[in-house]
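Everything numeric here is computed off the predicted structure, so don't read it as measured data. Ligands are counted one by one from 1 in listed order, and the atoms in each one are counted from 1 as well.
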Amino acid sequence: MIMQNIYALKGNICYSKDQKTIEAVENGYVVVENETSRGVFRTLPEKWANAPVTDYGDKLIIPGLVDLHIHAPQYAFRGTGMDLELLDWLNTYTFPEEARYGDLEYAELAYSLFADDLSKGATTRAVVFATVHVPATMLLMEKLERSGIVSLVGKVNMDRSSPAGLQEESAERSANDTIGWLHSCVGKFKNTSPILTPRFIPSCSDDLMRRLGDIQKAFKLPLQSHLSENQSEIEWVSELCPWSMSYGDAYAQFGMFGGENVNAVMAHCVWPTSGEIELIRKNGVYVAHCPQSNMNLASGIAPVRKFLEKNLNVGLGSDVAGGSSASVFRAMSDSIQVSKLYWRLVDGDSAPLTVEEAFYLGTLGGGRFFGKAGSFDDGFEFDAVIIDDGSIIGPAKPNIHDRLSKVIYLSDDRNIIAKYVRGEICGG
Ligand code: GUN
Ligand code: FE
(Lines give C-alpha, C1' and ligand atoms only; values in the text may rest on other atoms or scores of the structure.)
(Ligands and ions follow the chains in the order given, each with its own letter.)
Protein backbone atom coordinates (compact mmCIF):
# COMPACT_ATOMS: atom_id res chain seq x y z
CA MET A 1 0.00 0.00 0.00
CA ILE A 2 1.25 3.48 -0.83
CA MET A 3 1.52 5.68 2.27
CA GLN A 4 -0.42 8.89 1.84
CA ASN A 5 0.74 11.88 3.82
CA ILE A 6 -2.27 14.14 4.32
CA TYR A 7 -2.43 17.14 6.62
CA ALA A 8 -4.05 20.55 6.91
CA LEU A 9 -2.82 23.97 7.98
CA LYS A 10 -5.26 26.38 9.62
CA GLY A 11 -4.94 30.17 9.58
CA ASN A 12 -5.65 33.28 7.54
CA ILE A 13 -5.00 32.03 4.03
CA CYS A 14 -4.29 34.45 1.14
CA TYR A 15 -3.42 33.54 -2.43
CA SER A 16 -3.88 34.82 -5.97
CA LYS A 17 -6.64 33.41 -8.13
CA ASP A 18 -5.51 35.53 -11.09
CA GLN A 19 -3.76 38.84 -11.84
CA LYS A 20 -6.45 40.90 -10.14
CA THR A 21 -7.92 38.75 -7.38
CA ILE A 22 -6.59 37.68 -4.02
CA GLU A 23 -8.65 35.00 -2.32
CA ALA A 24 -8.57 35.51 1.46
CA VAL A 25 -10.06 32.83 3.72
CA GLU A 26 -9.89 33.78 7.38
CA ASN A 27 -9.55 30.90 9.83
CA GLY A 28 -9.55 28.58 6.85
CA TYR A 29 -7.89 25.28 6.04
CA VAL A 30 -5.48 24.37 3.29
CA VAL A 31 -5.30 20.62 2.76
CA VAL A 32 -2.02 19.07 1.58
CA GLU A 33 -1.63 15.57 0.17
CA ASN A 34 2.01 14.58 -0.24
CA GLU A 35 3.54 17.45 -2.26
CA THR A 36 0.29 18.90 -3.47
CA SER A 37 -2.40 21.30 -2.30
CA ARG A 38 -5.94 19.89 -2.37
CA GLY A 39 -7.42 23.37 -2.05
CA VAL A 40 -8.54 25.94 0.53
CA PHE A 41 -11.71 25.49 2.58
CA ARG A 42 -13.73 27.47 5.14
CA THR A 43 -14.37 24.28 7.12
CA LEU A 44 -12.42 21.05 6.90
CA PRO A 45 -14.21 18.73 4.43
CA GLU A 46 -15.60 15.50 5.91
CA LYS A 47 -13.30 13.21 3.90
CA TRP A 48 -10.26 14.78 5.57
CA ALA A 49 -11.80 15.02 9.05
CA ASN A 50 -9.07 12.78 10.46
CA ALA A 51 -6.15 14.63 8.89
CA PRO A 52 -3.80 16.19 11.44
CA VAL A 53 -4.21 19.97 11.59
CA THR A 54 -1.45 22.48 12.43
CA ASP A 55 -3.24 25.52 13.77
CA TYR A 56 -1.39 28.76 13.03
CA GLY A 57 -4.10 30.83 14.76
CA ASP A 58 -4.19 34.44 13.58
CA LYS A 59 -1.05 34.11 11.41
CA LEU A 60 -1.09 34.59 7.63
CA ILE A 61 -0.53 31.63 5.31
CA ILE A 62 0.57 32.64 1.80
CA PRO A 63 2.19 30.84 -1.14
CA GLY A 64 5.98 30.77 -1.15
CA LEU A 65 7.50 33.63 -3.13
CA VAL A 66 9.19 33.13 -6.49
CA ASP A 67 12.38 34.93 -7.55
CA LEU A 68 12.64 34.55 -11.33
CA HIS A 69 16.09 36.13 -11.57
CA ILE A 70 18.97 36.23 -9.09
CA HIS A 71 22.77 36.00 -9.45
CA ALA A 72 24.19 33.90 -6.59
CA PRO A 73 27.83 35.01 -7.14
CA GLN A 74 26.80 38.66 -6.87
CA TYR A 75 25.22 38.24 -3.43
CA ALA A 76 28.45 38.98 -1.55
CA PHE A 77 28.93 42.45 -3.10
CA ARG A 78 25.27 43.55 -3.10
CA GLY A 79 24.72 47.08 -1.91
CA THR A 80 28.00 48.36 -3.35
CA GLY A 81 29.07 49.70 -6.75
CA MET A 82 25.81 51.45 -7.52
CA ASP A 83 27.40 54.42 -9.29
CA LEU A 84 27.57 52.98 -12.81
CA GLU A 85 25.22 51.89 -15.58
CA LEU A 86 24.96 48.31 -16.80
CA LEU A 87 27.92 47.82 -19.16
CA ASP A 88 30.42 49.73 -17.00
CA TRP A 89 28.99 48.11 -13.87
CA LEU A 90 29.58 44.65 -15.37
CA ASN A 91 33.16 45.43 -16.36
CA THR A 92 34.14 47.30 -13.22
CA TYR A 93 32.48 45.35 -10.42
CA THR A 94 30.61 42.27 -11.56
CA PHE A 95 33.02 40.43 -13.82
CA PRO A 96 36.01 40.78 -11.43
CA GLU A 97 33.82 39.50 -8.57
CA GLU A 98 32.56 36.54 -10.62
CA ALA A 99 36.15 35.67 -11.59
CA ARG A 100 36.78 34.84 -7.93
CA TYR A 101 34.54 31.77 -8.22
CA GLY A 102 37.36 29.90 -9.92
CA ASP A 103 38.57 29.60 -6.32
CA LEU A 104 36.44 26.98 -4.54
CA GLU A 105 37.37 28.29 -1.10
CA TYR A 106 35.94 31.68 -1.95
CA ALA A 107 32.88 30.04 -3.52
CA GLU A 108 32.35 27.94 -0.37
CA LEU A 109 32.22 31.03 1.85
CA ALA A 110 30.15 33.19 -0.45
CA TYR A 111 27.67 30.51 -1.58
CA SER A 112 27.11 29.41 2.05
CA LEU A 113 26.07 32.96 2.87
CA PHE A 114 23.79 33.07 -0.16
CA ALA A 115 22.07 29.73 0.50
CA ASP A 116 21.70 30.36 4.25
CA ASP A 117 20.13 33.76 3.69
CA LEU A 118 17.81 32.49 0.99
CA SER A 119 16.59 29.69 3.26
CA LYS A 120 15.66 32.24 5.95
CA GLY A 121 13.61 34.41 3.59
CA ALA A 122 10.16 33.97 2.03
CA THR A 123 11.48 32.71 -1.31
CA THR A 124 10.61 29.08 -2.00
CA ARG A 125 11.56 28.99 -5.69
CA ALA A 126 14.38 30.73 -7.50
CA VAL A 127 15.89 30.86 -10.97
CA VAL A 128 19.58 31.38 -10.38
CA PHE A 129 22.65 32.44 -12.35
CA ALA A 130 25.95 30.95 -11.14
CA THR A 131 29.23 31.70 -12.98
CA VAL A 132 31.12 30.03 -15.84
CA HIS A 133 32.89 27.74 -13.35
CA VAL A 134 31.60 24.16 -13.23
CA PRO A 135 32.98 23.09 -9.80
CA ALA A 136 31.62 26.22 -8.08
CA THR A 137 28.27 25.78 -9.83
CA MET A 138 28.03 22.20 -8.52
CA LEU A 139 28.85 23.49 -5.04
CA LEU A 140 26.08 26.07 -5.31
CA MET A 141 23.60 23.39 -6.43
CA GLU A 142 24.50 21.21 -3.44
CA LYS A 143 24.01 24.12 -1.06
CA LEU A 144 20.69 25.11 -2.59
CA GLU A 145 19.49 21.51 -2.39
CA ARG A 146 20.29 21.50 1.34
CA SER A 147 18.46 24.81 1.81
CA GLY A 148 15.20 23.05 0.93
CA ILE A 149 14.04 25.54 -1.71
CA VAL A 150 13.32 24.60 -5.31
CA SER A 151 15.79 26.11 -7.74
CA LEU A 152 16.87 26.15 -11.35
CA VAL A 153 20.58 26.89 -11.48
CA GLY A 154 22.65 27.87 -14.51
CA LYS A 155 26.32 27.53 -15.25
CA VAL A 156 26.88 30.74 -17.21
CA ASN A 157 28.15 30.76 -20.80
CA MET A 158 30.31 33.65 -22.03
CA ASP A 159 32.94 33.35 -24.75
CA ARG A 160 33.35 36.96 -25.92
CA SER A 161 33.60 40.59 -24.76
CA SER A 162 34.53 39.54 -21.25
CA PRO A 163 37.76 39.93 -19.27
CA ALA A 164 40.53 37.36 -19.27
CA GLY A 165 40.09 35.20 -16.20
CA LEU A 166 36.34 34.97 -16.72
CA GLN A 167 35.79 34.62 -20.45
CA GLU A 168 35.70 31.01 -21.63
CA GLU A 169 38.47 29.95 -23.99
CA SER A 170 36.27 29.19 -27.01
CA ALA A 171 32.71 28.36 -28.02
CA GLU A 172 33.67 24.70 -28.13
CA ARG A 173 35.15 24.74 -24.64
CA SER A 174 32.11 26.57 -23.25
CA ALA A 175 29.74 24.06 -24.84
CA ASN A 176 31.81 21.05 -23.72
CA ASP A 177 32.01 22.32 -20.15
CA THR A 178 28.24 22.77 -20.21
CA ILE A 179 27.69 19.20 -21.38
CA GLY A 180 30.08 17.90 -18.70
CA TRP A 181 28.24 19.91 -16.05
CA LEU A 182 24.87 18.60 -17.25
CA HIS A 183 26.07 15.01 -17.06
CA SER A 184 27.05 15.53 -13.44
CA CYS A 185 23.89 17.33 -12.28
CA VAL A 186 20.87 16.13 -14.29
CA GLY A 187 18.72 13.97 -12.01
CA LYS A 188 21.14 14.27 -9.09
CA PHE A 189 18.90 16.36 -6.85
CA LYS A 190 15.26 16.41 -5.78
CA ASN A 191 14.72 20.17 -5.78
CA THR A 192 17.65 21.52 -7.78
CA SER A 193 17.97 21.26 -11.53
CA PRO A 194 19.93 22.88 -14.37
CA ILE A 195 18.85 25.73 -16.62
CA LEU A 196 20.75 26.77 -19.75
CA THR A 197 22.31 30.22 -19.20
CA PRO A 198 23.80 32.16 -22.10
CA ARG A 199 24.60 35.34 -20.14
CA PHE A 200 23.33 37.76 -22.81
CA ILE A 201 23.93 38.26 -26.52
CA PRO A 202 27.04 40.48 -26.10
CA SER A 203 28.89 37.76 -24.18
CA CYS A 204 28.00 34.80 -26.46
CA SER A 205 29.32 34.36 -30.00
CA ASP A 206 27.01 33.11 -32.75
CA ASP A 207 28.99 29.86 -32.76
CA LEU A 208 28.36 29.39 -29.03
CA MET A 209 24.66 30.24 -29.38
CA ARG A 210 24.28 27.58 -32.09
CA ARG A 211 25.96 24.98 -29.88
CA LEU A 212 23.82 25.95 -26.91
CA GLY A 213 20.71 25.68 -29.08
CA ASP A 214 21.67 22.06 -29.80
CA ILE A 215 22.31 21.38 -26.10
CA GLN A 216 18.92 22.88 -25.20
CA LYS A 217 17.21 20.48 -27.58
CA ALA A 218 19.24 17.43 -26.58
CA PHE A 219 18.68 17.92 -22.84
CA LYS A 220 15.25 19.62 -23.14
CA LEU A 221 16.44 22.37 -20.84
CA PRO A 222 14.69 25.52 -19.69
CA LEU A 223 16.65 28.67 -20.48
CA GLN A 224 17.38 32.01 -18.81
CA SER A 225 19.05 35.17 -20.06
CA HIS A 226 18.83 38.98 -20.13
CA LEU A 227 16.80 41.06 -22.57
CA SER A 228 16.58 44.75 -23.51
CA GLU A 229 17.74 46.05 -20.16
CA ASN A 230 19.75 49.14 -21.06
CA GLN A 231 19.81 51.37 -24.15
CA SER A 232 23.58 51.11 -24.78
CA GLU A 233 23.31 47.32 -24.44
CA ILE A 234 20.47 47.21 -27.00
CA GLU A 235 22.48 49.36 -29.42
CA TRP A 236 25.42 46.99 -29.02
CA VAL A 237 23.24 43.95 -29.74
CA SER A 238 21.93 45.56 -32.93
CA GLU A 239 25.57 46.06 -34.06
CA LEU A 240 26.51 42.49 -33.12
CA CYS A 241 23.45 40.98 -34.80
CA PRO A 242 22.64 43.17 -37.81
CA TRP A 243 20.57 40.28 -39.20
CA SER A 244 18.11 40.40 -36.28
CA MET A 245 14.90 42.42 -36.12
CA SER A 246 15.25 42.98 -32.38
CA TYR A 247 17.24 41.77 -29.36
CA GLY A 248 14.54 39.17 -28.72
CA ASP A 249 14.63 38.10 -32.35
CA ALA A 250 18.40 37.49 -32.03
CA TYR A 251 17.67 34.87 -29.34
CA ALA A 252 14.75 33.54 -31.39
CA GLN A 253 16.95 32.93 -34.42
CA PHE A 254 19.07 30.58 -32.27
CA GLY A 255 15.91 28.80 -31.05
CA MET A 256 16.26 30.30 -27.59
CA PHE A 257 13.21 32.49 -27.27
CA GLY A 258 10.39 30.30 -26.01
CA GLY A 259 8.05 28.51 -28.37
CA GLU A 260 6.88 24.95 -28.13
CA ASN A 261 9.87 23.22 -26.58
CA VAL A 262 11.72 26.04 -24.83
CA ASN A 263 10.63 27.29 -21.41
CA ALA A 264 12.50 30.61 -21.41
CA VAL A 265 12.73 33.44 -18.89
CA MET A 266 14.26 36.78 -19.85
CA ALA A 267 15.22 39.33 -17.22
CA HIS A 268 14.30 43.02 -17.50
CA CYS A 269 12.67 43.87 -20.81
CA VAL A 270 12.79 47.56 -19.90
CA TRP A 271 12.91 48.83 -23.52
CA PRO A 272 11.02 46.29 -25.64
CA THR A 273 9.94 47.14 -29.19
CA SER A 274 6.36 46.34 -30.11
CA GLY A 275 7.67 43.47 -32.24
CA GLU A 276 9.58 42.09 -29.26
CA ILE A 277 6.47 42.22 -27.06
CA GLU A 278 4.52 40.35 -29.74
CA LEU A 279 7.26 37.69 -29.96
CA ILE A 280 7.29 37.31 -26.18
CA ARG A 281 3.52 36.83 -26.20
CA LYS A 282 3.46 34.46 -29.15
CA ASN A 283 6.30 32.31 -27.77
CA GLY A 284 5.12 32.34 -24.14
CA VAL A 285 8.45 33.74 -22.93
CA TYR A 286 8.48 34.73 -19.23
CA VAL A 287 9.56 38.24 -18.31
CA ALA A 288 11.37 38.61 -14.98
CA HIS A 289 10.60 42.17 -13.93
CA CYS A 290 13.45 43.45 -11.74
CA PRO A 291 12.43 46.93 -10.55
CA GLN A 292 15.14 47.46 -7.95
CA SER A 293 17.95 46.58 -10.34
CA ASN A 294 16.41 48.83 -12.99
CA MET A 295 16.55 51.71 -10.50
CA ASN A 296 20.05 50.98 -9.17
CA LEU A 297 21.60 50.72 -12.63
CA ALA A 298 19.43 53.59 -13.93
CA SER A 299 18.24 51.26 -16.68
CA GLY A 300 14.68 52.60 -16.82
CA ILE A 301 11.18 51.36 -15.96
CA ALA A 302 9.71 48.30 -17.64
CA PRO A 303 6.19 48.79 -19.06
CA VAL A 304 4.64 46.12 -16.86
CA ARG A 305 1.07 47.44 -17.16
CA LYS A 306 1.36 46.82 -20.90
CA PHE A 307 2.71 43.31 -20.28
CA LEU A 308 -0.21 42.48 -18.01
CA GLU A 309 -2.79 43.93 -20.41
CA LYS A 310 -1.34 41.76 -23.18
CA ASN A 311 -1.42 38.74 -20.91
CA LEU A 312 2.31 38.05 -21.09
CA ASN A 313 3.86 35.68 -18.58
CA VAL A 314 5.42 37.99 -15.99
CA GLY A 315 7.01 37.44 -12.59
CA LEU A 316 9.48 39.26 -10.36
CA GLY A 317 13.24 39.04 -10.00
CA SER A 318 15.49 40.50 -7.33
CA ASP A 319 18.42 40.52 -9.80
CA VAL A 320 20.94 40.69 -6.97
CA ALA A 321 23.39 42.44 -7.21
CA GLY A 322 21.80 44.83 -9.71
CA GLY A 323 19.09 44.73 -7.06
CA SER A 324 20.58 45.08 -3.59
CA SER A 325 17.88 43.10 -1.77
CA ALA A 326 17.00 39.44 -2.35
CA SER A 327 13.52 39.96 -0.89
CA VAL A 328 10.64 39.27 -3.26
CA PHE A 329 8.35 41.25 -0.91
CA ARG A 330 10.66 44.16 -1.60
CA ALA A 331 10.43 43.45 -5.34
CA MET A 332 6.62 43.57 -5.00
CA SER A 333 6.58 46.99 -3.33
CA ASP A 334 9.28 48.28 -5.71
CA SER A 335 7.17 47.13 -8.67
CA ILE A 336 4.23 49.19 -7.40
CA GLN A 337 6.40 52.22 -6.73
CA VAL A 338 8.17 52.28 -10.11
CA SER A 339 4.83 51.76 -11.87
CA LYS A 340 3.62 54.97 -10.23
CA LEU A 341 6.61 56.89 -11.57
CA TYR A 342 6.01 55.38 -15.02
CA TRP A 343 2.37 56.49 -14.88
CA ARG A 344 3.23 59.99 -13.65
CA LEU A 345 6.30 60.63 -15.81
CA VAL A 346 6.03 58.41 -18.89
CA ASP A 347 2.52 57.27 -19.78
CA GLY A 348 -0.66 58.57 -18.14
CA ASP A 349 -2.57 55.62 -19.63
CA SER A 350 -0.48 52.99 -17.78
CA ALA A 351 -2.27 52.74 -14.46
CA PRO A 352 -0.02 51.91 -11.47
CA LEU A 353 0.12 48.31 -10.28
CA THR A 354 -2.12 47.33 -7.38
CA VAL A 355 -1.16 45.28 -4.32
CA GLU A 356 -3.12 42.40 -5.84
CA GLU A 357 -1.11 42.57 -9.05
CA ALA A 358 2.25 42.83 -7.29
CA PHE A 359 1.37 39.85 -5.06
CA TYR A 360 0.33 37.90 -8.15
CA LEU A 361 3.64 38.68 -9.89
CA GLY A 362 5.70 37.45 -6.93
CA THR A 363 3.69 34.24 -6.45
CA LEU A 364 1.55 32.76 -9.24
CA GLY A 365 2.98 34.94 -12.05
CA GLY A 366 6.52 33.64 -11.54
CA GLY A 367 5.41 30.29 -10.09
CA ARG A 368 3.99 29.19 -13.43
CA PHE A 369 7.54 29.05 -14.83
CA PHE A 370 7.97 26.02 -12.55
CA GLY A 371 4.69 24.40 -13.61
CA LYS A 372 1.96 24.35 -10.97
CA ALA A 373 3.48 26.59 -8.30
CA GLY A 374 2.55 29.88 -6.66
CA SER A 375 -1.06 29.17 -5.64
CA PHE A 376 -3.04 26.98 -3.23
CA ASP A 377 -5.66 25.86 -5.75
CA ASP A 378 -6.21 22.11 -6.01
CA GLY A 379 -3.31 20.44 -7.81
CA PHE A 380 -0.63 23.07 -7.16
CA GLU A 381 2.61 21.99 -5.54
CA PHE A 382 2.36 23.14 -1.94
CA ASP A 383 4.87 25.88 -1.11
CA ALA A 384 3.84 28.17 1.75
CA VAL A 385 5.16 30.82 4.08
CA ILE A 386 3.64 31.41 7.51
CA ILE A 387 3.84 35.05 8.56
CA ASP A 388 3.53 36.44 12.06
CA ASP A 389 2.73 40.09 11.36
CA GLY A 390 2.31 40.98 15.06
CA SER A 391 5.24 43.40 14.99
CA ILE A 392 3.89 45.42 12.04
CA ILE A 393 0.11 45.15 12.33
CA GLY A 394 -0.54 48.11 14.69
CA PRO A 395 -3.39 48.42 17.21
CA ALA A 396 -6.21 49.18 14.73
CA LYS A 397 -6.80 45.54 13.70
CA PRO A 398 -6.57 46.06 9.92
CA ASN A 399 -8.52 43.78 7.61
CA ILE A 400 -6.82 40.92 5.79
CA HIS A 401 -6.19 42.95 2.64
CA ASP A 402 -4.42 45.67 4.61
CA ARG A 403 -2.48 43.10 6.63
CA LEU A 404 -1.17 41.59 3.42
CA SER A 405 -0.28 45.05 2.10
CA LYS A 406 1.66 45.73 5.32
CA VAL A 407 3.49 42.43 4.93
CA ILE A 408 4.49 43.37 1.37
CA TYR A 409 5.78 46.81 2.35
CA LEU A 410 7.15 46.14 5.84
CA SER A 411 7.88 42.53 6.70
CA ASP A 412 11.33 40.97 6.87
CA ASP A 413 12.73 37.54 7.72
CA ARG A 414 11.87 38.01 11.42
CA ASN A 415 8.18 37.78 10.52
CA ILE A 416 8.54 34.34 8.94
CA ILE A 417 7.77 31.55 11.39
CA ALA A 418 7.68 28.56 9.04
CA LYS A 419 8.15 27.66 5.41
CA TYR A 420 6.86 24.68 3.44
CA VAL A 421 8.25 23.53 0.11
CA ARG A 422 6.59 20.77 -1.92
CA GLY A 423 4.61 19.78 1.14
CA GLU A 424 7.55 19.54 3.51
CA ILE A 425 8.49 21.96 6.26
CA CYS A 426 11.91 23.43 5.62
CA GLY A 427 14.59 25.88 6.67
CA GLY A 428 14.98 27.75 9.97
N1 GUN B 1 23.39 41.52 -18.30
C2 GUN B 1 24.40 40.63 -18.46
N3 GUN B 1 24.87 40.23 -17.27
C4 GUN B 1 24.15 40.86 -16.33
C5 GUN B 1 24.18 40.85 -14.91
O6 GUN B 1 24.97 40.17 -14.26
N7 GUN B 1 23.26 41.64 -14.29
C8 GUN B 1 22.38 42.42 -14.97
N9 GUN B 1 21.51 43.16 -14.30
N10 GUN B 1 22.34 42.44 -16.31
C11 GUN B 1 23.22 41.68 -16.98
FE1 FE C 1 20.66 39.80 -14.08
Side-chain angles (χ1 to χ4, degrees), residues 67-101 110 114 126-133 137 140 152-163 166-168 174 195-205 208-209 212 223-237 240 247-248 250-251 256 264-271 286-302 315-326 328 331 334 338 366:
D67 190 340
L68 276 188
H69 185 73
I70 183 164
H71 296 259
Q74 298 175 17
Y75 191 71
F77 85 103
R78 73 198 187 286
T80 64
M82 306 269 74
D83 55 331
L84 298 173
E85 292 184 45
L86 176 66
L87 299 175
D88 290 333
W89 174 81
L90 288 171
N91 285 321
T92 308
Y93 302 112
T94 308
F95 292 158
E97 175 68 13
E98 290 195 12
R100 292 173 186 256
Y101 288 75
F114 173 74
V127 187
V128 183
F129 271 61
T131 62
V132 292
H133 312 96
T137 302
L140 174 63
L152 289 160
V153 179
K155 173 228 170 301
V156 173
N157 298 98
M158 43 201 298
D159 74 333
R160 70 173 173 189
S161 312
S162 318
L166 189 61
Q167 180 171 309
E168 296 173 292
S174 177
I195 179 165
L196 199 65
T197 307
R199 180 172 209 121
F200 67 158
I201 293 275
S203 60
C204 298
S205 67
L208 177 56
M209 291 297 269
L212 294 180
L223 180 144
Q224 62 178 345
S225 195
H226 294 92
L227 180 71
S228 299
E229 174 177 4
N230 164 291
Q231 287 172 313
S232 310
E233 171 212 23
I234 294 166
E235 184 59 38
W236 192 13
V237 171
L240 290 167
Y247 195 159
Y251 287 112
M256 294 201 184
V265 57
M266 293 283 156
H268 305 298
C269 215
V270 174
W271 304 101
Y286 281 74
V287 175
H289 174 43
C290 306
Q292 197 179 88
S293 170
N294 298 156
M295 286 189 275
N296 282 335
L297 301 179
S299 299
I301 306 173
L316 295 175
S318 64
D319 192 29
V320 164
S324 353
S325 165
V328 176
D334 286 341
V338 300

*asked:* Less than 4.0 angstrom from a charged side-chain N to a carboxylate O is my criterion; do R78 and E97 meet it?
replied: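 No, no charged N to carboxylate O under 4.0 Å.
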*Does A331 have any side chain to side chain contact (heavy atoms under 4.5 Å, CB included) partners at least two apart in sequence or in another chain, and if so, which?*
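Applying side chain to side chain contact (heavy atoms under 4.5 Å, CB included) to A331 gives L316.
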*Can you sort out the partners of E229 under salt bridge (charged side-chain N to carboxylate O under 4.0 Å, His left out), two or more places apart, ordered by chain and number?*
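Checked E229 against salt bridge (charged side-chain N to carboxylate O under 4.0 Å, His left out); zero matches.
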*Do Q224 and T197 get their side chains close enough for a donor-acceptor pair, meaning under 3.5 Å?*
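There is such a pair between these side chains.
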*Regarding D159 and S203, is there a side-chain donor-to-acceptor distance under 3.5 Å anywhere?*
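Side-chain D/A pair, D159 to S203: absent.
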*At a heavy-atom distance under 4.0 Å, which protein residues reach ligand 1? Sort them by chain and number, would you?*
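H71, Q74, L86, W89, L90, R199, F200, H226, E229, H268, S293, D319.
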*asked:* Just to be sure I understand the site: which N, O or S atoms from the protein are less than 2.8 Å away from the Fe ion (ligand 2)?
replied: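 Less than 2.8 Å away from the Fe ion (ligand 2) sit H69 NE2, H71 NE2, H226 NE2, D319 OD1.
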*ring-ring contact (aromatic ring centres under 6.0 Å, His included) evaluation trace for H289 with H69*: CA-CA 9 Å; H289 174 43; H69 185 73; over 10 Å; no
_Smallest separation among heavy atoms of W271 and S299, with atom names_ =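 For W271 versus S299, the nearest heavy atoms are NE1-O, 2.9 Å.
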_I301 side chain near M295 side chain, heavy-atom distance below 4.5 Å_ =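 With C-beta onward as the side chain, the pair stays apart.
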_Residue pair V128 / L140, side-chain heavy-atom distance below 4.5 Å_ =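 SC-SC contact between V128 and L140 confirmed.
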